[in-house]
Each structure stands twice: as structure tokens, then as C-alpha cells.
Amino acid sequence: MTVNWKKRPNLIDNVSAIGVGKAIYAAPDGDKVNARLLVAADGFHMLPCDFEGLLLESLSFATMSGNQYVISFDDSGNMLINGKRKEVGLTSPNGTKFIVSVDDDGNLKVTKEVSDATRNTTLKQS
């Protein structure tokens, strides 16, 4: 049996094999000679079909200092960070930072960020 690696193959009881040695490989049809490499010293070897049917409600990230951030989307497709809609921060070629937001009518507002070193905070100037 030849495995079609363009779609996720079905596993067969008492035939399919997962091998672990210097790498991890999959042989859904039991053919270890033509098995597909999954993980090796140089990283993960995934195909789009490996994610077929995968649904993620959110992604969680932790910073080196231990802060947690959860990225998700609301029912309208808006990206949320820790459950709240966020503005977009952009940096111009000369390094100036700007915040871009949009109102309910689609009007864009661009605000220049100014750093106040004495208070170690960021203020917004329109």
C-alpha cells in the first residue's frame, strides 16, 4: 500500500508504526522503509495535512519574566490580546513609533508615541 502524504492517512490497528530512534517517523501502512520523518535533530518536518482538522481557540505565550499573554479572535474576527481588542503599533523608517486605530465608521487615527523617561511610561500625542 502506498501512502498519500498530501492528506492525513488513517492509522491501521496492528499495522501502523511510529518509530523512535535518532528521529521519530510515521509508517501508517507499516512500511518502515518508506516511513515519513516527523522529528529529527534539525527540527520538525510537518506537512499541511498534519494540521487537517486542527482548531485552536487561542494561543498562550509566556515571557521570560513570567507574564502570560493569550491571543484569540472574537466572533467578528478581531484579534484579542488577553480578551481585549488592541491597537496596532507601527514604527516608521526613522524609528518613530505610531499607534494606529480605527473607529466604527472606518476612520483611521494615527497617534505618535512619546517616551517620558522620568516616569518610564509612554504617552500618546494626537
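All values derive from a computational prediction rather than experimental measurement.
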Common cluster, Leu80/Leu59, ILVMFWY with side-chain heavy-atom separation under 4.5 Å: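 No; tracing contacts between hydrophobic side chains, which count when under 4.5 Å, never links both residues.
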
Shortest non-hydrogen separation from Phe51 to Met46 and the atoms involved: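 Looking at all heavy atoms of both residues, the closest pair is CE1-CB, 3.8 Å.
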
Shortest non-hydrogen contact from Ile99 toward Gly89: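 In this case the closest contact between Ile99 and Gly89 is CD1-CA, 4.0 Å.
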
Selection residues 39-56 - residue pairs positive for side chain to side chain donor-acceptor pair (under 3.5 Å), sequence neighbours left out: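 Of all non-adjacent pairs touching residues 39-56, those that pass side chain to side chain donor-acceptor pair (under 3.5 Å) are Arg36-Asp50, Asp42-His45.
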
Do any side-chain atoms of residues 65-72 form donor-acceptor pairs under 3.5 angstrom with protein atoms, and if so which ones, sequence neighbours left out?
from	atom 1	to	atom 2	distance (Å)
Ser65	OG	Thr63	OG1	3.1
Ser65	OG	Asn67	ND2	3.4

Evaluation steps, side chain to side chain contact (heavy atoms under 4.5 Å, CB included), between Val110 and Phe98: CA-CA 6 Å; Val110 179; Phe98 295 91; 3.7 Å; yes

Quick one: [atom1] on [X] to [atom2] on [Y], what's the gap to the nearest 0.5 Å?
{"X": "Ile81", "Y": "Ser58", "atom1": "CD1", "atom2": "OG", "answer": "12.5 Å"}
{"X": "Phe44", "Y": "Leu37", "atom1": "CZ", "atom2": "CG", "answer": "11.5 Å"}
{"X": "Arg85", "Y": "Met79", "atom1": "CZ", "atom2": "CE", "answer": "11.0 Å"}

Expected output: side-chain Asn94 to main-chain Thr96 donor-acceptor under 3.5 Å: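 It does hold such a pair.
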
Heavy atoms of other groups near Leu55 CG, more than 12 under 6.0 Å: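 No, the 6.0 Å shell around CG holds no more than 12 heavy atoms from other groups.
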
